[in-house]
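When a ligand or atom number is given, it counts from 1 through the structure's own listing order. A quick note: this is a predicted structure, and the numbers were derived from the prediction, not measured.
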Amino acid sequence: MSTKKDPFILALPKGRVFKDFLPKLENTPFALKDNFENSRKMLLDTRHPDLKVLIIRGWDVPAYITSGAAHLGVVGKDILIEKEDEEFVELLDLEIGKCRLSLAGKSNLNSTSSRLRVATKYPKSAISYMNSIGIQAEIIYLHGSQEIAPVLGLADVIIDLVDTGNTLKENGMKELDKISDISTRLIVNKASLKTRSRLIAEITDALK
Ligand code: PRP
């Protein structure tokens with residue numbers, strides 16, 4: 001009988017967070033083994049015989065973890081807020097990818113506005129925030145580059161991530177209100193917490 005375990009899969013988001021996260025793995029038993037630069041491979045080997053790293057889009061990480069297709073995931077809190085209905089457990093704030101979710105516009109809000117067109121890829125956060133300030137939101141769902149929408153008249157304001165503020169500035173926009181602080185989190189599949197607890201504890205400890 002084989003004693004080989006099913007691979008344990010850590011899902012990482014492509015892009016900025018991937019680059020910020022890699023140094024955290026580097027000097028651990030879980031570092032990547034494959035030469036992943038310029039590679040299109042999505043499932044990569046690590047130094048640990050049981051651990052593979054899956055590289056996907058951040059927005060897809062919660063679905064992989066909820067279904068158990070992957071066991072541990074790295075994802076921004078901005079995405080977790082939108083995907084709160086899915087079933088995962090948040091284990092750790094990785095203290096990377098720090099930024100804020102903010103309301104931004106070309107100028108201050110007109111105090112008489114009772115309804116505004118809000119360009120965003122965060123409809124849940126946007127509706128909840130606009131309700132909290134007593135303004136009805138018409139959501140214009142965009143996949144990115146929201147900063148140009150008010151400039152060209154597609155929306156009145158945006159709700160999006162702000163880090164340095166350069167994207168807003170270079171497009172003639174200003175930050176009007178911070179809605180929440182955002183950072184990258186480690187999430188886990190609920191069942192795996194029991195069945196793969198040892199490896200989860202080892203990886204979590206290595207990342208702290
Ligand atoms: C993010 C975010 C802003 C920008 C903020 O976009 O959506 O557009 O970074 O960063 P800054 O304040 O330092 O300029 P990203 O580059 O991830 O691409 P996106 O437009 O596809 O979301």
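Using a 4.0 Å cut-off between charged side-chain N and carboxylate O, K124 and D85 make a salt bridge. The existence of a salt bridge linking K77 and E90 is confirmed by a sub-4.0 Å separation between a basic side-chain nitrogen and an acidic carboxylate oxygen.
Closest heavy-atom contact between S113 and I135: O-CG1, 3.8 Å. Taking all atoms of both residues into account, the shortest heavy-atom contact from A31 to E26 is CB-O, 3.4 Å.
The V162 neighbourhood of ligand 1 comprises atoms 12 (O), with distances under 4.0 Å to a heavy atom of that residue. In summary, the atoms of ligand 1 found under 4.0 Å from a heavy atom of S145, numbered by their order in the structure, are 20 (O). Below 4.0 Å from some heavy atom of D160 lie the following atoms of ligand 1, by number and element: 2 (C), 3 (C), 7 (O), 8 (O). Shown in contact with T167 at under 4.0 Å from a heavy atom are these atoms of ligand 1, numbered in order with element: 4 (C), 5 (C), 8 (O), 10 (O), 11 (P), 14 (O). For ligand 1, the atoms lying closer than 4.0 Å to a non-hydrogen atom of L161 are 2 (C), 3 (C), 5 (C).
Between T120, T164, V17, I158, it is T164 that holds the heavy atom closest to atom 11 (P) of ligand 1. Of the candidates K121, H143, Q146, the one placing a heavy atom closest to atom 19 (P) of ligand 1 is K121. Between atom 1 (C) of ligand 1 and the options E147, R16, R100, K169, the minimum heavy-atom separation is to R16.
Residues F21 and L207 form a side-chain contact, since some pair of their non-hydrogen atoms from C-beta on lies under 4.5 Å apart.
When atom types are taken as modelled, the side chain of R100 and the backbone of D163 share a donor-acceptor pair closer than 3.5 angstrom.
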